[in-house]
Structure formats: C-alpha cells, structure tokens
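Right, one structure below, let's go through it.
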Amino acid sequence: MEKKLMLIDGHSILNRAFYALPDMTNSKGLHTNAILGFLNIMFKFLDEEKPTHFAVAFDLSAPTFRHEMFKEYKGTRKPMPEELREQVPVIKEVLKAMDIPLMMEEGYEADDLLGTMSVIGEQEGYQVRIISGDRDLLQLATENVQIRIPKTKGGGNVVEDYFAEDVMETYGVTPKEFIDMKALMGDASDNIPGIPGIGEKTAAKIIKEFKSIENAYEHIEEVMPKRAKNKLEEFYDQGVLSKELAAIKLDCPIELSFDDAKLNDIFTGEAYQLLKQLEFKSVLKRFDGEHGEEFSVNLKKVSELDEADRIFSKAKKCKAAGLAVYHEQEYTSLGLCIEGTDTFLFQTEGFLTRDYLIGQAGELYRTVPRVSMMNVKEFLDELSLSEDDKSIFDAALAAYLLNPLKSTYEYDDISRDYLGIMLPSKKELLDKKKSIFEEGKLLPEGEQIIGYEAYVACACIGPLRKKLMETGMLSLYEEIEIPTMVALHDMEVRGIHVDRKALKEYGDQLIGRIEELRELIYKEAGEEFNINSPKQLGVVLFEHMKLEGGKKTKTGYSTSVDVLEKIEHLYPIISYILEYRQLTKLKSTYADGLANYISDDERIHGKFNQTITATGRISSTEPNLQNIPARVELGRAIRKVFLPEEGYTFVDADYSQIELRVLAHLSGDKNLIHAYELEQDIHARTASEVFGVPIGQVSSIQRRDAKAVNFGIVYGLSAFGLSQDLKITRKQAQEYIDKYFETYPKVKEYLNREVEKGKKEGFVTTMFQRIRPIPELKSSNFMQRNFGERVAMNSPIQGSAADIIKIAMIRVNMELKKRKLKSRLILQIHDELLIEAHDSEVEEVKEILTREMMSAAKLSVPLSIDIHTGNSWYEAK
DNA sequence: CCGATCACG
DNA sequence: ACGTACGTGATCGGT
C-alpha cells in the first residue's frame with residue numbers, strides 16, 4: 001500500500017478558519033469558530049487523502065516572524081485577537097485527544113518542521129501533502145510533495161494544489177527559485193528586507209532568466225532593467241541574507257518518528273468528550289455510537305386506557321411534570337415526563353381520545369405544583385389555563401430571560417445550556433421531513449422528539465428556576481413574563497377586524513399612480529428595467545444616466561432614501577423613484593400583504609412573539625401589526641380599514657416619551673426630571689438649553705434638532721449618527737451633544753456608568769432586573785466594541801420601557817376580564833395599547849387605560865399618556 | 001438564503 | 001483610521 005503523509009500547518013489553517021467563519025461561542029462563552037473551521041478542513045482532507053500518516057505542526061511559542069498570523073495585517077504587528085488566542089490551546093488539546101501528533105520544537109517555526117518532515121518523508125518513499133494557507137510553502141513542492149491551499153472563493157471552498165510543476169506553471173519558476181524570488185522582493189510581514197525597488201514583476205523576470213540571486217549577481221551586467229541592476233549591485237548582501245531568511249529550513253531535529261505519525265483511530269472517547277464540551281454537533285456525528293454514554297430518554301409508550309389512568313393519577317401526585325403536545329388533524333401525541341425520571345408517550349388510539357389526553361394534561365395543572373412546557377402560549381385554551389394558574393412553567397420563556405440573545409429556545413438548546421446534555425435537534429432528527437406525523441401516524445423520529453421535549457421541559461425546571469433566582473429575575477418571570485404571555489395569547493385569539501373590501505380598494509387606488517410613475521421613470525431613464533432591483537436601478541442611475549452621488553457598498557451602488565434625497569433636487573427621476581418606492585411598498589407589503597391574513601371571521605390574528613428581542617420588547621409576525629404605516633398621510637390612511645366590530649369603538653392610548661422619562665428616572669438628572677414635573681415640551685426645553693434661547697423663542701428647526709438629540713441619547717448617541725440624521729457636520733453634531741450633556745450632566749454620568757457596568761459584568765439590566773448580555777463589549781474589534789457601548793446605553797432604557805408597558809398591558813387586560821367587560825385589548829405597539837371597546841364601556845375603558853398605564857411603574861417623573869377614541873384605528877390615533 | 005430597502009416604535 | 005445611531009419584520013431580487 002502506498003504510504004502517504006499528510007501535514008497540516010496548524011496556525012495557518014486555524015487562522016484561515018478564524019477569519020472565514022462568523023464569530024461563534026459555546027454556551028460557556030468560549031470562542032469556537034476557528035476550532036470548528038480547523039476540524040472541518042482537517043476532516044475534509046482526511047476524507048479526501050486517506051493518509052496513512054498524519055501530523056500537525058505548530059510554532060511552539062507565540063508565532064514569530066515568518067508567519068501567516070501576522071500577514072493578515074499586512075505587516076503591521078497587531079497581536080492575535082483574544083478571540084483567536086484562546087482557541088489555540090483548545091485545538092491542540094483536541095488533536096492530542098484524537099491521538100494526532102503535534103510537531104512543535106523550541107526555536108523552530110512550523111514551516112521549518114513541515115519542510116524537514118516533507119523532505120524526510122519523500123526520502124522514505126511517502127507521498128506528502130501539506131495543507132496550509134501560506135504560499136511561502138510552495139518552495140517545498142516536489143514531484144511527491146504537494147502543497148494544498150484551501151481558499152474561500154465566492155461562497156464556495158476551493159483548493160489550490162501545487163506539485164513542483166504546478167508552481168512552475170503558475171509562477172514560471174521552480175519551487176527552489178521561489179525562494180530567490182522572495183529574497184529579491186522582500187516581505188515586510190516576514191521581516192525579509194529584500195532588494196529595495198524590486199517588486200514581484202522584476203523579481204520574476206530576473207529569476208526566470210538567471211535562476212538565482214547568486215547567478216544574477218555573477219552576470220550583473222546583463223541584468224535588466226538598469227534600475228534593478230544598480231539596486232542588486234548595491235544591496236546584494238542584503239539579498240543573500242534575505243534568501244537565508246526566506247528559505248525554509250529542511251534540517252530541523254525532529255523528535256517525531258514515522259511510527260508516531262501513523263494515523264490511528266481519531267474517534268476516541270476523550271475526543272468525543274472534548275467536542276461535546278465545544279458543542280460541535282456536526283463533528284460529533286462522525287463518531288459512532290460507542291463513545292459517549294449517549295443520553296437517551298427511556299420512553300414508555302402507553303396505549304391502554306387503564307394504564308394511562310394509572311400513570312396520570314400517579315403524575316398528579318408528583319412535584320414537577322413536563323409536557324409536549326403535538327396535533328395533526330384529528331391525531332394528537334402527548335409526551336409526559338414525571339419528576340424528570342419517567343417519560344411516557346400517549347397517542348390518540350382506541351380509548352385514548354384527544355379529549356381524554358388533553359383533559360388529563362390540563363388536570364395536572366390543578367394538582368402538580370409545576371407543570372412545564374416549551375411554548376405554553378399556544379396551548380392555553382385547550383388546557384384551560386389562565387394567569388391564575390400558578391403551576392404554569394414555560395421553559396422557553398425562562399431560558400429567554402436568562403439569555404435573550406439566542407435565536408431559538410428549543411429543547412436541544414435548553415438541554416445543552418442548562419442540563420449539559422447534547423441532544424439531536426428537531427431539525428436534525430426530522431432531516432428533510434416537514435412534520436413529525438406521516439399519514440396520521442407519529443414517525444419514530446417524532447416519538448424521540450416528543451420524548452426529548454417532555455423530558456427537557458421537566459428536567460430543566462430546577463436549573464432554570466435556580467438561575468432565575470440567582471439573577472434576581474424570578475419575579476420578573478412570574479409577575480411579568482407569564483402574565484404577559486396570557487395577554488398576548490388573548491390578543492392573538494381576538495385578532496383585529498379589517499374591512500376586506502376597503503383594503504382592496506386602498507390597494508387598487510394605488511395602481512394607477514404606480515403605473516404612471518413607472519412610465520415616467522422609463523421615459524426619464526430612456527430604458528425599461530426593474531425599478532425594484534437596487535442593482536439595476538443603481539446601474540441605470542449612476543452609469544447609464546451618469547448622475548452624481550454614486551458609489552457605495554460592496555454589491556454596487558446604494559440607492560437608499562438618504563442617498564437619493566441628496567440628489568432629489570437635481571433630477572426629476574429621483575422624485576419619481578422615491579414616490580414609486582413608497583407606493584409599491586404600500587401595495588405589496590400592506591394592501592396585498594395584509595389581505596392574505598384576513599381570516600373567515602374578517603379579522604387578522606397576528607402572532608405576538610415574546611422570546612425574540614434582545615431588550616424585552618414584544619415582536620409581531622404573520623403579519624407584523626407593529627409596523628402599520630403611521631408617519632406619512634398616504635400610508636397612514638391604511639389604518640382606516642382597521643375597524644372595530646359593530647357596536648364597538650377603538651380606544652387607543654400611547655405613552656408620551658416613555659423612554660426619555662425612563663432616562664430621567666434612571667439618571668436622576670434634576671434638570672430633566674424638573675422639565676417633566678412641569679410637563680414642559682421636552683424637545684423645546686432641550687432646544688432652549690442647548691441653543692441658549694428662551695423656551696418661548698425656540699424655532700421649529702431648533703426644536704426638531706433637539707428632538708433628534710433626545711432620540712440620539714436614547715440610542716447611545718454618536719456624533720456621526722446624529723450628523724447623519726440631521727444632515728449636519730460631525731463637528732456641529734458633537735457641539736450639540738456637548739451642550740446636551742452640559743445641560744443634563746447626570747445623564748452623561750448615568751450612560752457612562754451603564755457602559756462601565758456592561759464591561760465589568762458582561763451585561764446590563766432594566767428597572768425590573770431584565771438582563772441584556774453584551775458580549776460585544778469584550779470584542780477585540782473596535783466597531784463591535786463601539787456597538788456594545790451603544791447597546792449598554794440603550795438597552796436599560798428601551799428594556800425598562802418594555803417592562804413598564806408589559807405591566808400596563810397585563811393589568812389592563814386582566815381588569816377588563818375581571819370586570820367581565822365586552823371590551824378587549826387587541827394590540828400592543830411598544831408604547832401603545834389598542835382596545836376594541838364596547839360602545840357602552842368607552843368611558844370605563846378610558847379610565848382603566850389611563851389609570852393602569854400611568855401607575856404601571858413609580859418613576860421619579862410622572863408617566864403620561866395620550867388617549868383617543870375613534871371608529872377606525874386611523875381616527876383613534 | 002442573504003442583502004437591500006423601508007415600514008414601525 | 002476605523003465607520004456607527006437602538007429595537008424589530010416583510011418583500012423583493014439575485015445568488
């Protein structure tokens with residue numbers, strides 16, 4: 001059998017992987033992207049090459065001169081980012097656990113070890129493959145030594161392969177001559193001086209002709225061009241030195257024997273454990289079952305009624321249970337886990353009807369102190385649950401509070417983060433299948449999913465509650481989030497009435513003008529194209545028509561509003577485009593988009609999501625009812641089709657500047673608090689202070705600017721952002737900011753304090769102890785860190801406001817229900833509540849809204865609301 | 001499936 | 001010198 005030696009240039013590949021993959025951490029916060037990328041590259045080449053021998057080379061100490069690590073920085077000696085540095089010892093540990101030899105020698109660089117090993121290998125009759133991202137290694141290529149350079153190219157991964165002849169073909173020089181070329185050119189990042197004034201082109205020309213520096217020097221008179229000749233003559237010694245530096249050493253003392261490098265089974269138990277801690281599911285899949293006492297749920301299938309009865313009555317006596325419920329048409333599957341030990345699976349069959357199963361599940365809530373599910377909101381109705389049921393536990397909601405930055409809160413996420421158990425996800429188990437059912441039968445994968453879900457829901461109760469307690473968020477969870485879930489559920493069920501016909505008419509009325517604008521745009525452009533395509537539009541505007549103000553972004557020209565508005569006064573086509581954009585947006589997203597969501601009851605039942613935002617706000621989908629047009633009249637008009645049901649009236653209440661009031665409270669700034677105590681126009685007041693004019697003489701422009709500054713403060717102000725918004729210079733923006741902070745000094749102190757706290761603790765909190773982790777503050781990337789600082793300033797403000805409206809929402813909703821009113825809460829739009837009030841209850845509803853919203857939190861400034869009624873959402877706002 | 005754009009607070 | 005306002009979701013075009 002052919003002997004094949006594969007070598008990996010450790011730091012080089014690790015470095016490649018680090019920059020190729022997006023930032024990634026495991027649940028303990030360890031950065032893992034480079035390790036994962038390295039392993040994927042390693043496996044790819046192992047699969048491809050099937051080597052008999054394998055080793056990885058590393059520089060022993062921190063990389064010194066000739067190293068890829070620094071080249072990414074084009075010669076500037078920035079240190080390795082911390083995010084990468086911490087991964088270096090870990091990958092070494094993983095490789096050791098895989099029984100893969102590491103080549104490291106004090107005083108030698110990885111290149112030298114690779115070079116020496118490849119020479120010996122070739123002498124011993126091996127085929128040698130060297131995997132590296134570093135082109136310098138090309139000098140090692142021979143007939144039997146291939147350099148393989150993985151690259152990312154246009155989304156895909158490609159490999160450049162070089163035997164000696166490939167180097168010849170690509171560069172026109174032999175691998176050995178490659179050294180001379182580099183010696184002539186020099187390389188700042190490797191500290192190789194080279195010959196000044198000789199670059200890649202000249203170097204190639206000289207070496208092609210004379211084969212080496214020495215030979216070129218011997219024939220110095222023939223060296224062309226003249227300039228190169230003179231330089232070579234003058235700096236010859238430096239060139240020879242450079243050659244020494246550029247040449248990879250081929251004679252290192254290497255302790256590693258080929259026996260040691262023999263490729264053994266890398267799928268060891270030790271490696272399995274490490275990869276599990278790293279949470280590399282995809283890599284773990286390569287291991288066959290025997291290594292990790294694989295976690296499994298002992299799922300007991302129950303099909304007899306008397307057995308089911310026995311289990312449910314036993315369950316009713318327990319302390320904690322977990323449920324997982326899935327429906328498909330008339331079929332229902334129910335997973336039940338008792339005390340985190342016994343897990344059962346029930347399905348609709350025989351005497352086990354849906355009514356029985358769901359009825360029993362609902363019963364558990366009456367006797368078991370804690371019943372846990374993953375997303376209870378969807379099941380509140382069928383389980384007959386309300387905000388009064390204290391046994392409700394929602395694992396997803398608890399996990400969201402503990403880390404609101406996750407994208408999903410499925411059982412596998414929670415199991416990994418809070419139980420330390422890696423489970424296959426729903427997605428992985430189902431693979432391509434879209435449902436856990438097939439032809440009314442629960443698939444075997446479905447059984448597993450339900451088993452895992454019920455188990456995790458139950459087993460995580462303890463850990464999650466403990467963490468909620470430790471972080472001081474238990475009462476936030478119990479008193480705000482759980483009741484909020486009920487209120488959201490109520491709103492989803494109720495929906496909002498939409499006049500289908502009026503919506504259609506609204507859309508139709510846009511068509512004519514859209515067509516007209518399209519023609520005008522084609523006429524101005526002198527060609528027809530897809531106006532909706534930013535790419536085509538950019539080309540037409542800035543290339544064909546040669547309008548000024550082009551360029552931006554990597555994908556082409558930016559055609560966003562702020563770019564177009566700058567040149568709007570110069571060209572009529574720009575106004576047409578802006579209007580066209582506005583109208584088509586209204587047509588496709590709102591007129592047509594909303595129409596698709598109107599149910600048979602003529603209402604839209606959107607979803608309100610409680611585990612999406614990083615700050616604690618609610619989000620709205622299918623459709624998004626929180627971004628219905630309001631700012632521009634034409635768009636705002638769409639609110640005329642949102643109507644109360646016959647006999648009802650809309651009552652709409654929104655907080656007035658809740659975020660600024662929260663800021664006044666949190667900062668304790670006397671001046672700001674005083675302004676609100678006097679119920680002054682805060683923007684005018686700010687303008688007066690910042691621009692130094694009496695409050696009565698503030699111009700509308702000054703007020704507008706001050707308003708932008710106030711907004712900016714809440715967003716974590718930067719001079720640049722403000723200057724963009726107000727279309728002023730950065731210097732001016734900075735002056736506004738400085739004056740603002742002079743006026744409200746405590747605000748500045750407060751914002752700084754939050755940033756400091758974020759840096760120290762890794763997170764910031766709201767008035768009600770909601771946490772927002774800010775990993776960006778630890779980033780070595782300037783921009784990321786900057787972003788983190790703004791987040792630290794904004795999150796407590798936006799988050800506290802979100803807490804407050806949740807409280808108001810809960811109380812309003814409960815009060816309406818408690819008083820058995822016909823009126824109902826139907827929408828929440830961040831600082832606004834919309835109620836469909838029975839005509840006879842309008843005054844009572846207004847009182848409830850006013851009282852509950854204003855008293856939702858006790859701040860050092862009053863909370864104030866605007867409240868309106870109307871026969872459409874348009875009128876009520 | 002991602003980026004650009006734009007709707008909201 | 002860097003290249004930014006905070007938080008969302010839907011639609012479209014283009015890969």
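Proteins come first, then strands; the chains are lettered A, B, ... in the order of their sequence lines, and each starts at number 1.
Remark: of the listed residues T615(A), T613(A), D803(A), T615(A) is the sole one forming a side-chain hydrogen bond (donor to acceptor under 3.5 Å, both in side chains) with Q798(A).
dT5(B) and dA5(C) have their P atoms separated by 13 Å, given to the nearest Å. Rounded to a whole angstrom, the distance from the C1' atom of dC2(C) to that of dC6(B) is 28 Å.
At least one side-chain nitrogen or oxygen of S619(A) sits closer than 4.0 Å to the OP1 or OP2 atom of dG9(C). R790(A) has a side-chain polar atom (N or O) that falls below the 4.0 Å cut-off from OP1 or OP2 of dC6(C). Of the side-chain N and O atoms in R631(A), one or more sit less than 4.0 angstrom from OP1 or OP2 of dG9(B). Contact check, Q626(A) against dG7(C): no side-chain N or O comes under 4.0 Å of OP1 or OP2. Between K585(A) and the phosphate of dC12(C), there is no side-chain N or O to OP1/OP2 separation shorter than 4.0 Å. Between dC8(B) and R617(A), no contact under 4.0 Å exists linking OP1 or OP2 to a side-chain N or O. Checking the phosphate oxygens (OP1, OP2) of dG3(C), no side-chain nitrogen or oxygen of S718(A) falls inside 4.0 Å. At the phosphate of dG13(C), OP1 or OP2 sits under 4.0 Å from a side-chain N or O atom of N530(A). Close to dC12(C), at under 4.0 Å from its OP1 or OP2, lies no side-chain N or O of S533(A).
Backbone-only engagement by G593(A) is indicated by non-hydrogen atom pairs under 4.0 Å involving sugar-phosphate atoms exclusively. A614(A) comes within contact range of the sugar-phosphate backbone alone, with a heavy-atom separation under 4.0 Å but no base atom that close. Looking at heavy-atom distances under 4.0 Å, D654(A) makes no contact with the nucleic acid at all. No engagement by L586(A) is indicated, since no non-hydrogen atom pair under 4.0 Å with the nucleic acid exists. At the heavy-atom level, N624(A) lies under 4.0 Å from the strands shown only through sugar-phosphate atoms. As judged by a 4.0 angstrom heavy-atom cut-off over every strand, R772(A) is placed among residues touching the sugar-phosphate backbone only. Residue contacts shown for A792(A) are absent, as no nucleic acid heavy atom lies under 4.0 Å away. Across all strands shown, T559(A) has heavy atoms under 4.0 Å from sugar-phosphate atoms exclusively, and none from any base. Among the heavy atoms of the strands lying under 4.0 Å from D831(A) are primed sugar atoms or P, OP1, OP2 only; no base atom is included. Across all strands, E622(A) comes closer than 4.0 Å only to sugar-phosphate atoms, never to a base (heavy-atom distances). Residue I797(A) is classed as having no contact, given no heavy-atom separation below 4.0 Å to the nucleic acid. F787(A) comes within 4.0 angstrom of sugar-phosphate atoms only, judged by non-hydrogen atoms across all strands, and of no base. Within the 4.0 angstrom heavy-atom criterion, no nucleotide atom of any strand lies near S795(A).
The aromatic rings of F691(A) and Y736(A) sit perpendicular, their planes meeting at an angle over 60°, well past the 30° parallel limit.
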Q. Can you give the dot-bracket line for DNA chain C, using ( ) for pairs inside the strand, [ ] for pairs that cross earlier ones, | for pairs with another strand and . for unpaired bases, where Watson-Crick and G-U count if both distances are under 3.5 Å?
A. .....|||||||||.
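Which of dG7(C), dA7(B), dG9(C) sits closest to the side chain of T621(A) comes down to dG9(C). Nearest to the side chain of N532(A), among dG3(C), dC6(B), dC12(C), sits dC12(C). In this structure, of dG9(C), dC8(B), dG7(C), it is dC8(B) that holds the atom nearest to the side chain of A630(A). Checking dC8(B), dT11(C), dG7(C) against the side-chain heavy atoms of S588(A) singles out dT11(C) as nearest. In this structure, the nucleotide among dA7(B), dT8(C), dT4(C) sitting nearest to the side chain of Q582(A) is dA7(B). Closest approach to the R639(A) side chain among dG9(C), dG7(C), dC8(B) is made by dC8(B) (side chain taken as heavy atoms from C-beta onward). Here dT5(B) is the nucleotide among dT11(C), dT5(B), dC8(B) with the atom lying nearest to any side-chain atom of S560(A). Here the side chain of V791(A) is nearest to one of dG7(C), dT11(C), dG9(C), namely dG7(C). Ranking dC2(C), dT5(B), dA7(B) by closeness to the R581(A) side chain, first place goes to dT5(B).
A straight line from CZ of R785(A) to C1' of dG3(C) spans 14 Å, rounded to a whole angstrom. Atom CD in E832(A) sits about 12 Å away from atom P in dC8(B), given to the nearest Å. As a whole-Å value, the separation of Y557(A) OH from dG3(B) C1' is 18 Å. Put simply, CG on L834(A) is 15 Å from C1' on dG9(B), counting in whole angstrom units. Here dC6(B) presents its P atom at 14 Å from CD1 of I531(A), a figure rounded to the nearest Å. Between the C1' atom of dC6(C) and the CD atom of E776(A) lies a distance of 13 Å, rounded to the nearest Å. Across the protein-nucleic acid pair, I829(A) atom CD1 and dC8(B) atom P stand 12 Å apart, rounded to whole Å. Separating the CD atom of Q536(A) from the P atom of dT5(B) is a distance of 14 Å, rounded to the nearest angstrom.
By the 4.0 Å N-to-carboxylate-O rule, K377(A) lies close enough to E492(A) to be salt-bridged with it. Ion pairing between a basic and an acidic side chain is recognised when a charged N comes within 4.0 Å of a carboxylate O; R494(A) and E836(A) show no such pairing.
Two residues are said to be in side-chain contact when any heavy atoms from C-beta on lie closer than 4.5 Å; E852(A) and L833(A) fail this criterion. Looking only at side-chain heavy atoms (C-beta outward), D490(A) and L825(A) stay at 4.5 Å or farther from each other.
For the 3.5 Å distance criterion, the side chains of D738(A) and Q734(A) qualify, holding a donor opposite an acceptor. For the residue pair S619(A) and N609(A), a side-chain donor N or O sits within less than 3.5 Å of a side-chain acceptor on the partner. Judged purely by distance below 3.5 Å, without hydrogens or angles, the side chains of E481(A) and Y400(A) never pair a donor atom with an acceptor atom.
Closest-nucleotide positions on DNA chain C for F720(A) and H830(A) were compared, and the one nearer the 5' end corresponds to F720(A).
Interatomic distance, F608(A) CZ to L827(A) CG, rounded to the nearest 0.5 Å: 5.0 Å.
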Q: Please assess Y744(A) against Y740(A) for the test ring-ring contact (aromatic ring centres under 6.0 Å, His included), listing each intermediate value before the final yes or no.
A: CA-CA 6 Å; Y744(A) 305 113; Y740(A) 179 95; 4.8 Å; yes
